[in-house]
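Lettering follows sequence order; numbering is per chain, from 1.
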Amino acid sequence: MWLRRQGCLRPAGCGVEELRRRRREREAALRKARREQQLISKRLLRDDAPEEGEGGCVAVILGQAEIQQFLQLAQRGTEEKERGRALVSLRRGLQHPETQQTFIWLEGSMRTLVGLLTSNQALLQLEAARCLHELSHSEQSAVAEACLPATSYLLTYLSGHSSDFIELCLYTLGNLIVESEAVRRQLLPQGIVPALAACVQSPHVTVLEALGYALSQLLQAKEAPEKIIPSVLGSTLPQHMLQLLQPGPKLNFGVAVEFAWCLHYITCSQVNNALLITHGALSTLGLLLLDLAGAVQRTEDAGLELLACPVLRCLSNLLTEAAVGAVGEQMQLRDERVVAALFILLQFFLQKQPSLLPEGLWLLNNLTANSPSFCTSLLSLDLIEPLLQLLPVSNVVSLLAAQAFLQQSGLQALERHEKEAQLQDRVHALQQTALHS
Amino acid sequence: MQLPPAVHARLAGGPGAAEPLPVERSPKAGAVPFRFTARQVRFPREHEFFEDGDVQRHLYLQDVLTQVAGAPERPRVPEFTCQVAGCCQVFDALEDYEHHYHTLHRNVCSFCKRAFPSGHLLDIHILEWHDSLFQILSERQNMYQCLVEGCTEKFKTSKDRKDHLVRRHLYPADFRFDKPKKNMSPATPRATVQVSAEALGAEGEQVEGDAMEVCSEPAGERHTAGRRLSLAMGN
């Protein structure tokens with residue numbers, strides 16, 4: 001269950017240095033986008049082999065006449081395979097932004113494509129859906145909006161049975177959702193939330209992962225807290241999401257990652273976290289945290305933080321709900337193994353992903369702030385010293401560590417550690433912080 | 001960072017909470033040393049605290065793109081034919097067959113052979129096109145249900161429903177899975193239902209080349225003898 005898809009792809013002829021450089025560039029671009037609140041990433045399912053040479057996209061730019069020709073052949077050709085091939089050629093062209101523009105401005109093109117999407121020929125349906133998927137990947141909202149005539153059909157097909165096709169429709173929808181508010185304004189009245197709620201009962205892991213992706217894009221929208229999250233919370237989606245996050249033999253990493261992020265977008269919007277708590281979110285996420293800590297001990301897989309991050313965030317935000325005190329015992333988070341798990345994860349972050357240390361300490365703060373029991377666990381498990389060792393890591397960490405630490409019987413612990421020379425400086429620094437904070 | 005072995009042991013142990021130590025100041029403390037109150041912290045959606053984790057998340061999403069591009073080719077199998085009676089499509093990959101089957105054979109109306117994308121739409125179709133009880137009831141009450149899952153509205157006529165789909169749900173006016181029945185007389189029970197392009201044409205229904213519903217079948221007619229409209233009487 002902890003196996004991830006192996007990321008083995010690299011463009012031909014790319015050295016390790018080049019890959020690192022590209023990754024740094026992408027990271028910088030993402031940071032900039034986030035600061036401008038324009039964080040958009042899309043998934044693209046392309047399953048023709050990338051053997052057409054090196055260095056990225058070899059999409060062919062198609063002109064108007066060629067597009068028309070392919071569409072006509074697809075619509076009126078005599079043999080199904082031939083018609084399918086015409087659409088494959090069109091799809092290759094649509095990998096290029098220029099072809100996409102030509103396509104959407106060509107009169108009748110989308111109508112024809114939608115006609116093929118809803119035809120009684122399975123192969124043509126699939127190929128037409130793939131063309132739409134290429135269009136959905138465009139970074140121009142005009143192209144996404146040109147796909148609006150297809151959305152009611154994409155939603156209809158979510159209640160079909162062909163798992164590959166449903167997966168494709170979901171990724172396409174996810175891409176369209178994130179690109180344009182106009183698309184979301186249409187999809188909501190078209191019933192996307194009930195459609196997703198029905199689809200989440202699918203037994204296919206690939207469908208679930210795609211659904212999680214589409215839902216996460218929907219929940220990330222800036223208007224989500226007012227317009228989307230309430231109806232999601234009113235549907236059966238929260239219960240299903242939590243079920244899919246329960247540790248056990250059926251837990252699938254890719255699926256869990258998507259739904260954990262969905263849950264994060266919901267909880268940090270503070271719409272109705274009390275409802276999630278009554279569905280057992282705290283105990284489910286707590287158990288998942290334990291499972292993650294166990295996995296981290298067993299494997300050096302550096303991908304586990306992709307799941308750990310949203311789980312930590314959800315727990316931290318949910319713990320601040322006043323409702324926590326109001327629900328029954330089994331809904332609360334009291335298990336001190338959570339503290340043990342958290343420190344195991346902090347150790348893991350220190351080695352693999354230091355940028356996540358502040359988030360881990362945030363959870364520690366929220367666990368211990370109002371809980372003498374958790375504070376006691378920290379002391380009895382002898383975790384003050386490891387906590388102090390985190391202080392030099394960064395400013396944010398120092399602040400949060402100090403806050404967490406000071407909630408314990410800090411002074412007593414400090415005295416104990418004063419004797420240890422290597423910690424002396426930090427201890428004094430901490431005492432100073434305490435006096436001046 | 002070194003963790004004491006007790007931590008790993010505790011994780012492996014059973015659930016339980018620590019008995020809380022009393023929260024009291026050490027006698028050596030003297031005056032209150034901390035101008036600090038323990039409190040929980042909340043971070044809203046757009047807070048910069050989340051920047052690093054969000055960036056990692058999106059790098060992952062972008063990576064999946066390249067991962068999927070390298071997905072293995074669909075395994076090819078020796079050619080085989082669809083086993084559904086009358087269908088002679090040939091396949092060499094299981095996924096293609098799966099999609100074909102679900103598109104053309106799975107949700108097929110046993111009365112008129114139309115194929116639908118989902119069981120939901122098929123059920124509505126059978127009710128509205130082949131159930132004489134439906135016709136009778138619809139004269140007294142609103143029977144045409146909205147096609148959108150989750151919407152419980154019902155309407156007197158199929159046209160009213162279409163208007164609702166367009167206005168309330170922003171559906172296209174020519175939505176292909178909402179064809180009104182041209183022949184408005186109640187379906188008459190028949191012992192056999194002949195299916196052929198001519199028969200359907202004779203009832204005055206348009207057979208569009210691109211429409212979803214008509215199952216493209218080879219030229220020979222099929223007699224589906226013995227089919228009874230068991231649904232019609234609501235049993």
Side-chain angles (χ1 to χ4, degrees), chain A residues 5 7 9 27 30-31 34 41 43-47 50 115 118-120 122 126 152 156-157 159-162 164-165 186 189-191 194-195 198 268-269 293 306 309 320 334-337 340-341 343 347 350 355 365-366 369 372-373 376-377 380-382 386 389 406-407 411-412 434 437, chain B residues 1 3-4 6-7 10-11 15-18 20-21 23 26 29 33-36 38-42 44-46 51-55 57-58 60-71 95 98-100 102-104 106 117-118 120 148-150 169-172 175-176 210 212 216:
Chain A
R5 278 198 252 210
L9 218 312
E27 200 174 317
L30 285 169
R31 269 184 212 286
R34 195 192 185 276
S41 292
R43 289 196 175 196
L44 182 66
L45 296 176
R46 274 198 192 134
D47 54 14
T118 56
S119 74
N120 58 352
L126 199 51
S152 60
T156 303
Y157 289 137
S159 38
H161 305 278
S162 174
D164 280 355
F165 190 62
Q186 173 162 297
Q190 281 184 343
C268 68
S269 303
L306 291 164
C309 173
T320 67
R334 288 212 200 287
D335 191 344
E336 74 171 340
R337 292 179 299 172
F343 270 84
Q347 184 184 51
L350 191 58
S355 58
N365 179 79
N366 284 5
S373 171
T376 310
S377 299
S380 63
L381 290 172
D382 231 351
Q389 287 175 13
L406 293 170
Q407 282 155 184
L411 203 57
Q412 277 181 321
S437 68
Chain B
M1 178 172 112
L3 290 178
V7 173
R10 186 64 193 91
L11 182 69
L21 290 171
V23 180
S26 160
F34 303 134
R35 270 176 279 124
F36 165 84
R39 64 184 176 86
Q40 290 178 324
V41 173
R42 241 179 215 192
R45 277 167 77 94
E46 294 305 331
E51 183 179 300
D52 283 316
D54 282 358
V55 167
R57 156 68 174 165
H58 282 267
Y60 165 73
L61 281 183
Q62 289 178 351
D63 273 347
V64 173
L65 177 161
T66 45
Q67 279 182 37
V68 174
E95 291 84 359
E98 185 201 21
H99 185 55
H100 162 87
H102 289 313
T103 305
L104 284 181
R106 174 99 183 227
S118 68
H120 175 66
V148 173
E149 286 206 58
H169 295 296
L170 307 185
Y171 264 49
F175 187 64
R176 294 186 185 232
D210 292 342
M212 179 75 190
S216 64

**Request:** Could you tell me which of B:His99, B:His169, B:Glu98 has the largest number of non-hydrogen atom pairs under 4.5 Å with chain A?
**Result:** B:His99
**Heavy-atom donor-acceptor pair, A:Ser373 side chain to B:Ala18 backbone, under 3.5 Å** = yes
**Item:** Contacts of type side-chain contact (heavy atoms from CB on, under 4.5 Å), residue B:Arg10, not counting sequence neighbours
**Value:** A:Asp335, A:Glu336, A:Arg337, A:Ala340, A:Leu381
**Fill in**
side-chain contact (heavy atoms from CB on, under 4.5 Å) filter on B:Asp54, not counting sequence neighbours, yields A:Arg34, A:Leu39, A:Trp261, A:Arg313, B:Phe50
**Atom pair CZ/OG1 of B:Arg176 and A:Thr118 - distance to nearest 0.5 Å** = 4.0 Å
**Prompt:** Rounded to the nearest 0.5 Å, how far does OG of A:Ser162 lie from CZ of B:Arg106?
**Reply:** 10.5 Å
**Proximal component of A:Ala198, with respect to chain B [non-hydrogen, under 4.5 Å]** = side chain
**Asked** Are any non-hydrogen side-chain atoms of A:Thr156 and B:Tyr171 less than 4.5 angstrom apart?
**Response** yes
**Request:** Could you give me the CA-CA distance, side-chain angles and deciding distance for A:Asn366 and B:Val41, then say whether side chain to side chain contact (heavy atoms under 4.5 Å, CB included) is met?
**Result:** CA-CA 6 Å; A:Asn366 284 5; B:Val41 173; 4.0 Å; yes
**Message:** Counting heavy-atom pairs closer than 4.5 Å to chain B, which one of A:Gly160, A:Ser269, A:Gly191 comes out on top?
**Reply:** A:Ser269
**Item:** Distance, nearest 0.5 Å, that separates CD of B:Glu95 from CG of A:Leu126
**Value:** 10.5 Å
**Prompt:** Just wondering, do B:Arg39 and A:Asn365 contact through their side chains at under 4.5 Å, heavy atoms?
**Reply:** no
**Prompt:** Where the side chain of A:Gln347 meets the backbone of B:Met1, is there a donor-acceptor pair that is under 3.5 Å apart?
**Reply:** yes
**Fill in**
Separation between SG (A:Cys309) and CZ (B:Arg57), nearest 0.5 Å, reads 10.0 Å
**Main-chain N/O of B:Val55 paired to A:Glu27 side chain as donor or acceptor, under 3.5 Å** = no
**Message:** Heavy-atom pairs under 4.5 Å with chain A: which of B:Gly150, B:Ala6, B:Gly53 has the most?
**Reply:** B:Gly53
**Complete:** Scored by heavy-atom pairs under 4.5 Å with chain A, the best of B:His120, B:Glu149, B:Glu51, B:His100 is B:Glu51
